[in-house]
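One structure is given here, and the rest of the page talks about it.
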Amino acid sequence: MLFIIFLVGGAAVAMYLPQWMGPKEVSVPSLANMDLNDAKSTLSTQGLTIGDKIKMTSDTVPKGKIIQSSPKAGAKVKEGTQVDVYVSSGKQKITFNDYVGRQFSDVVKLLSQEHFKDVKSKEVYDDAAPGTIIAQDPDADKKIIPENTVITFTVSKGLEKFPVKDLTDYTKKALDDYANESGFIIDSSKSKYSDTVKEGLVISQSPAAGTKLTRGSTIKVVLSKGPKELPPKTVKEEVTIPYEPEDTGDTNTDNTDDQSANNDDDSTSSKDDQDTKVKQQVQIFIEDMNHTMSEPVETFDITEDTKKQLEFTIEYKKQATYKIVRDGTVIAEDTVSYPD
């Protein structure tokens, strides 16, 4: 009987001793979304400990929180087992590229697939072509999370443009002053005749007033040379120089009766009288393109009224003058204009 009791008791000890002597099985608790401290506390209640801490990205689990464990939640393990945990390092970061020098419109299309929080631009004047990215924020090669990042590009508007003034009637000096003030280059190498615009003033310009140009652009102007000069013209004018000798008072009254007797000799007497007439000296002075009043152009004697044709060479828009002197006395003077 004692032997039987001993035998039964030994069998019971053999059956239950492993459970009494070894660790018991427990379920791994869920550690999702816990931080490490909370996970340690939760595992300790089950007789478990934290093993490796493995970082991994997650679009849903905040940084520092546990994504999952290994063994997984609900798995049966022995007490004392180390449970590895996967801790979120946050959303996955990407390396931001260098977009400087590229067209903003092209880059916007490209980044629309990356789900950035926003893509903004600010425009500034620059010597780069309009629409070109000249700066960016974030900088190139920076690690970023697209969903959390606002991208700002600085985009060129091109060079600043300024309206051109109306340069009509500007002088050369006024053009130089405007060039220094505006930064434009003024090309005044061309000129032409004008009946309406004074010599030296601007007739026309290209581009027209009001056109917007960048500094350093060229404005071409045409300066007036004034009315077109015509060639000199020759003008002739006929004048009559009167013969007017001074009265000598020598009247031969005694020979009155003899005149009738000598009527037959009238022609001969007339010729003799012509030879005995007092000569008057005439000087003609002309002021024109070829002559000055400093000396006469012609000197001659007259004994009767004499016609003379004067010839003048007159420059365009100028006049000629003449003076007739008889026996030292000016008897005529006048002005002759350039003919229309």
Side-chain angles (χ1 to χ4, degrees), residues 22-161:
K24 65 178 182 179
E25 278 191 343
V26 294
S27 295
V28 176
S30 174
L31 305 177
N33 290 306
M34 291 185 183
D35 57 29
L36 287 175
N37 289 333
D38 290 341
K40 287 178 182 179
S41 299
T42 301
L43 289 174
S44 66
T45 61
Q46 298 293 94
L48 304 174
T49 59
I50 285 184
D52 293 334
K53 305 174 190 66
I54 305 164
K55 288 188 176 182
M56 64 182 298
T57 60
S58 172
D59 292 335
T60 56
V61 178
K63 183 177 180 180
K65 300 292 186 179
I66 293 173
I67 301 171
Q68 62 187 34
S69 63
S70 178
K72 294 183 178 180
K76 299 293 185 178
V77 296
K78 299 291 185 180
E79 284 185 331
T81 298
Q82 286 189 334
V83 178
D84 296 334
V85 292
Y86 293 84
V87 182
S88 173
S89 58
K91 294 181 179 180
Q92 184 174 5
K93 290 185 177 182
I94 64 170
T95 301
F96 195 58
N97 291 329
D98 185 358
Y99 296 103
V100 172
R102 299 178 64 175
Q103 282 291 305
F104 174 71
S105 57
D106 295 338
V107 172
V108 167
K109 291 178 183 177
L110 182 65
L111 297 184
S112 64
Q113 309 299 320
E114 300 292 342
H115 307 293
F116 286 100
K117 187 174 183 180
D118 198 4
V119 178
K120 297 181 178 181
S121 67
K122 59 179 181 180
E123 293 185 319
V124 298
Y125 291 110
D126 190 81
D127 58 3
T132 302
I133 295 173
I134 58 176
Q136 65 182 55
D137 180 26
D139 295 329
D141 297 327
K142 186 172 182 180
K143 299 290 185 179
I144 59 171
I145 300 170
E147 293 85 348
N148 297 344
T149 305
V150 174
I151 307 298
T152 302
F153 291 112
T154 303
V155 181
S156 171
K157 292 197 291 185
L159 292 173
E160 187 171 5
K161 294 185 177 183

N/O donor-acceptor pair under 3.5 Å between [X] side chain and [Y] backbone:
X    : Y    : result
D98  : V100 : yes
T149 : I144 : no
Q46  : P29  : no

Distance from [X] atom [atom1] to [Y] atom [atom2], nearest 0.5 Å?
X    : Y    : atom1 : atom2 : result
F104 : T154 : CZ    : OG1   : 10.5 Å
K122 : I134 : NZ    : CD1   : 9.0 Å
D38  : L31  : CG    : CG    : 10.0 Å
I133 : S105 : CD1   : OG    : 8.5 Å
F153 : D137 : CZ    : CG    : 9.5 Å
R102 : N97  : CZ    : CG    : 8.0 Å

Side-chain heavy-atom pair [X], [Y] within 4.5 angstrom cut-off:
X    : Y    : answer
D35  : I66  : no
S156 : D127 : no
N33  : V61  : yes

Self-check item: Contacts of T132 that satisfy side chain to side chain donor-acceptor pair (under 3.5 Å) - sequence neighbours left out
Solution: Q103

Quiz item: So Q136 and V107, side chain to side chain contact (heavy atoms under 4.5 Å, CB included) or not? Walk me through it.
Solution: CA-CA 12 Å; Q136 65 182 55; V107 172; over 6 Å; no

Quiz item: Does the pair I151 and Y99 meet the rule for a side chain to side chain contact (heavy atoms under 4.5 Å, CB included), with working shown?
Solution: CA-CA 11 Å; I151 307 298; Y99 296 103; over 6 Å; no

Quiz prompt | Pairwise side-chain hydrogen bond (donor to acceptor under 3.5 Å, both in side chains) hits with a residue in residues 53-65, at least two apart | solution = S58-T60

Practice problem: Scan for side-chain hydrogen bond (donor to acceptor under 3.5 Å, both in side chains) pairs involving residues 68-92, sequence neighbours excluded, and state none if there are none. | Solution: S27-K76

Quiz prompt | Nearest heavy atoms of I67 and V87, plus distance in Å | solution = CD1-C, 4.3 Å

Quiz item: If you take all heavy atoms of A75 and P71, which pair is closest and at what distance?
Solution: CB-CB, 3.9 Å

Quiz item: CG of D141: more than 12 outside heavy atoms within 6.0 angstrom?
Solution: no

Practice problem: Go through the steps to decide whether M34 and V85 satisfy the test side chain to side chain contact (heavy atoms under 4.5 Å, CB included), and finish with yes or no. | Solution: CA-CA 10 Å; M34 291 185 183; V85 292; over 6 Å; no

